[in-house]
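Comments concern the structure below.
As the structure is a computational prediction, the values presented were derived from the model and not from experiment.
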Amino acid sequence: MAEAIGRQLGKTVLDVRSAGSTPEGAVNANALHYLDQRGYQTGNLRSQSWDEFADFNPDLVITLCDQAAGESCPLWMGKTEKRHWGMNDPSKIEGSENEIAAAFAAAIEELEARISGLIDAVTAAEQSPG
């Protein structure tokens, strides 16, 4: 979800990639559904391992799930700045259709707010002299 939101909101400001240590092989169907509902492009999303990005040198790595905070990032990320945005995983919610929809809506809104803040910070830093 963060990749779709970051790509659309960040357009020319961010180069967003999403991967994990243990990809599930497919993007969660509910994530695709609720992103589509909110107007996000999901056609190119796929479940992928961070091993696919061995040649990518990011400026910043952000982990999202609460379980990811303690994971060690691959060595190739070296001294890349790392941040953790602890979030509940809406795909783990069990309940009614309304409860699941509310969990995905809350996650999308939180990602929109955090990614918008990141875009604002990047834009301000780019415009700052020196």
Backbone N or O of [Y] within a donor-acceptor pair of the [X] side chain at under 3.5 Å?
| X | Y | result |
| --- | --- | --- |
| Gln8 | Gln41 | yes |
| Ser47 | Glu24 | yes |
| Asp89 | Ser91 | yes |
| Ser96 | Glu99 | yes |
| Arg7 | Val16 | yes |

> Is the number of heavy atoms from other residues, nucleotides or ligands within 6.0 Å of CG (Asp59) greater than 12?
Replying inline: no
Going by heavy atoms in the side chains, are [X] and [Y] under 4.5 Å from each other?
| X | Y | answer |
| --- | --- | --- |
| Leu118 | Arg83 | yes |
| Met1 | Pro90 | yes |
| Glu110 | Ile108 | no |
| Leu45 | Glu3 | yes |

Roughly how far apart are [X] [atom1] and [Y] [atom2], rounded to 0.5 Å?
| X | Y | atom1 | atom2 | value |
| --- | --- | --- | --- | --- |
| Arg38 | Ile5 | CZ | CD1 | 7.5 Å |
| Tyr34 | Thr42 | OH | OG1 | 14.0 Å |
| Leu64 | Arg114 | CG | CZ | 8.5 Å |
| Ile62 | Met87 | CD1 | CE | 11.0 Å |
| Leu14 | Ile119 | CG | CD1 | 4.5 Å |

Considering non-hydrogen atoms only, spot the tightest contact between [X] and [Y] and give its length.
| X | Y | answer |
| --- | --- | --- |
| Ser18 | Gln48 | O-NE2, 2.9 Å |
| Leu9 | Ser116 | CD1-OG, 3.8 Å |
| His84 | Thr63 | ND1-OG1, 2.6 Å |

> side chain to side chain donor-acceptor pair (under 3.5 Å) between Glu112 and Tyr40: does it pass, once the steps are laid out?
Replying inline: CA-CA 11 Å; Glu112 288 170 337; Tyr40 289 102; 2.5 Å; yes
> Out of Leu35, Ile93, Asn28, which residue meets the side-chain contact (heavy atoms from CB on, under 4.5 Å) rule with Phe104?
Replying inline: Asn28
> Could you walk me through whether Trp50 and Val61 pass the side-chain contact (heavy atoms from CB on, under 4.5 Å) check?
Replying inline: CA-CA 11 Å; Trp50 59 27; Val61 172; over 6 Å; no
> Can you list the steps and then say if Lys11 with Val13 is a side-chain contact (heavy atoms from CB on, under 4.5 Å)?
Replying inline: CA-CA 6 Å; Lys11 294 180 183 153; Val13 177; over 6 Å; no
> Using 4.0 Å as the upper bound for N to carboxylate O, is an ion pair formed by Glu52 and Arg46?
Replying inline: yes
